[in-house]
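Proteins get letters first, then strands, A, B, ... in listed order; numbering begins at 1 in each.
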Protein chains: 2
Amino acid sequence: MEPLAVRAEIKPSRGRLTRDAIVQAAINIIDAEDISGFSTRKLGKSLGVEAMALYHHFKNREEILAAVAEEITAEIIGIEVDYQDKSWQDQIKISARNALNVMRSHKGALSLMLEHGKISAPWMIWHERQLAILLKAGLPPKEAIAAFRAISGYIFGFTGFEMRFRPIMEKKDFVNLMIEEFKQSDYNSLKSTTEYFRRDWDDQFEAGLDLLIAGIAAQIESFNKV
Amino acid sequence: MEPLAVRAEIKPSRGRLTRDAIVQAAINIIDAEDISGFSTRKLGKSLGVEAMALYHHFKNREEILAAVAEEITAEIIGIEVDYQDKSWQDQIKISARNALNVMRSHKGALSLMLEHGKISAPWMIWHERQLAILLKAGLPPKEAIAAFRAISGYIFGFTGFEMRFRPIMEKKDFVNLMIEEFKQSDYNSLKSTTEYFRRDWDDQFEAGLDLLIAGIAAQIESFNKV
DNA sequence: ACCTGAACACCGTTCAAGT
DNA sequence: ACCTGAACACCGTTCAAGT
């Protein structure tokens with residue numbers, strides 16, 4: 001009979017690794033160090049395991065990153081509360097803001113989704129919910145898809161730019177650098193707006209969304225008239 | 001005196017490498033093999049040079065990729081023709097379509113810009129031109145920036161999704177797979193629209209842009225009324 | 001079934017050395 | 001000034017072996 005101590009040491013390391021634990025550890029690394037700081041070897045180490053152990057749960061690195069993208073998509077749709085009593089405009093706004101907030105908490109989320117995202121269950125739920133809102137609001141299928149793509153494109157595009165450029169624009173010397181840059185140029189439109197670029201990201205996000213919603217509302221109205 | 005043949009062999013390899021040549025070679029690799037297939041060693045080999053020679057022209061891999069992102073941004077704004085006689089709506093549409101076309105010809109462009117893009121000269125020209133159109137159309141600075149961000153966000157977000165999901169959706173068995181997937185679900189909105197998803201990308205891009213333009217036009221009108 | 005160790009082919013980057 | 005060769009610390013992944 002073997003000493004219990006040894007069994008006790010080995011037992012908890014048996015089957016300890018799960019897909020969920022791996023995905024969570026991967027998200028932690030990517031949040032802290034960006035995608036460029038992610039490696040299967042680091043991931044293994046953070047789980048107290050050799051990197052090769054991961055291959056028992058995932059086919060390869062690509063599949064791990066696809067699972068991370070799916071998990072973040074699940075986070076985006078998961079925090080959506082019941083809002084059936086709200087107008088379609090408010091429903092669009094609430095889910096858009098949720099998406100923005102989740103992406104803000106995972107800086108590399110968008111690149112991850114664009115490079116490794118699959119058509120996953122949460123991704124389909126996102127489609128389903130947005131389409132349901134737009135169809136119920138009165139858009140025919142074809143127009144609903146165009147509106148859906150416009151909204152999703154805007155949300156993720158805006159977020160992508162914010163993630164990349166906001167830190168640069170919010171640096172103390174950004175405006176001075178730009179003014180210096182513009183001195184010998186004729187970038188008059190940029191000159192007159194530079195100061196606004198670094199402020200009010202939340203308001204700007206909402207304002208852009210309102211433009212889109214106004215366009216959609218006008219289209220719904222035109223359909224109702226016929 | 002040394003034999004000329006040797007000098008002739010060595011001479012053309014002296015100063016052969018330029019930043020432009022490196023960037024072009026990098027674009028070729030990324031277009032053909034995606035970002036994941038890019039390495040400084042491959043890049044060197046494609047130029048007939050050791051990878052370490054690149055370090056004389058660029059500080060590191062990151063700087064090469066930033067230069068690639070800048071070059072593609074230059075392509076996006078470079079093909080914009082003179083359109084001063086068009087309406088602001090058409091000017092927005094033409095430049096949006098140009099951006100879409102360039103991104104279509106460089107599959108990995110968006111990820112590249114979001115991960116390695118800097119506030120470069122062509123990037124500023126893009127801002128300047130779009131803002132000039134919107135300011136001239138009648139928007140105050142703050143609203144012009146919101147509209148600019150909405151348009152740019154939409155263009156790049158839509159394009160990002162198209163690059164990632166269009167190839168998947170256009171596969172022959174996509175609709176069947178989705179129908180199979182939906183059989184035991186209540187994704188009713190998706191069910192009724194699945195077929196539309198794979199078609200008419202150009203029309204959908206235009207339709208989404210029209211929604212945004214309609215919203216902006218309404219806002220301009222409201223400013224004119226005051 | 002689940003994990004390790006050794007190995008392979010590949011990375012980015014440095015540094016001293018060559019011309 | 002521009003490029004190479006050797007070296008270093010890292011990759012992703014495979015495979016046979018351990019429990």
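- B/His127 and A/Tyr187 have their aromatic ring centers separated by at least 6.0 angstrom.
- The distance from atom CG of A/Leu43 to atom P of C/dC3 is 13 Å, rounded to the nearest whole Å.
- In this structure, B/Arg149 is positioned above the aromatic face of A/Trp201, its NZ or CZ under 6.0 Å from the six-membered ring centre and within 45° of the axis.
- Nearest to the side chain of A/Met52, among D/dG5, C/dC11, C/dA6, sits C/dA6.
- Nucleotide C/dC10 forms a pair with no other nucleotide shown, judged by Watson-Crick or G-U wobble geometry with both contacts under 3.5 Å.
- For the pair B/Phe38 CZ and C/dG12 P, the interatomic distance rounds to 7 Å; values are reported in whole Å.
- The CZ-P distance, from B/Arg19 to D/dC2, rounds to 13 Å in whole Å.
- Residue A/Glu50 has its side chain nearest to C/dT4 when only C/dA7, C/dC11, C/dT4 are considered.
- Between A/Leu54 atom CG and C/dC2 atom P the separation is 14 Å, expressed in whole Å.
- Under 4.0 angstrom from either OP1 or OP2 of C/dC3 there lies at least one side-chain N or O belonging to A/His57.
- D/dC15 is paired with C/dG5 under the Watson-Crick or G-U wobble criterion, all donor-acceptor distances under 3.5 Å.
- The side chain of A/Arg41 lies closest to D/dC11 when the candidates are C/dG12, D/dC11, C/dT4.
- Comparing C/dG12, D/dG12, D/dC3 by their nearest atom to the side chain of B/Leu17 picks out D/dC3.
- Comparing atom distances between the B/Arg61 side chain and each of C/dT4, D/dT13, C/dT13 picks out C/dT13 as nearest.
- Of the charged side-chain nitrogens involved, none lies within less than 4.0 Å of a carboxylate oxygen, so that B/Glu128 and A/Lys191 do not count as a salt-bridged pair.
- Going from atom OG1 of B/Thr159 over to atom CZ of B/Arg164 covers 15.5 Å, rounded to the nearest 0.5 Å.
- Following rounding to the nearest Å, B/Leu47 (CG) and D/dT4 (P) show an atom-to-atom distance of 11 Å.
- A straight line from OH of A/Tyr55 to C1' of C/dG5 spans 15 Å, rounded to a whole angstrom.
- Atom CG in B/Asn60 sits about 16 Å away from atom C1' in D/dC10, given to the nearest Å.
- Residues A/Lys42 and A/Glu33 are paired through a salt bridge, judged by an N-O separation under 4.0 Å between the basic side chain and the carboxylate.
- Both A/Gly37 and A/Lys59 lie close to DNA chain D; mapped to their nearest nucleotides by heavy-atom distance, the more 5′-ward contact belongs to A/Gly37.
- Here the P atom of nucleotide D/dC11 and the NZ atom of B/Lys42 are 19 Å apart, to the nearest Å.
- With distances taken from any side-chain atom of A/His56 to the nucleotides C/dC3, D/dC3, D/dT13, the minimum falls on C/dC3.
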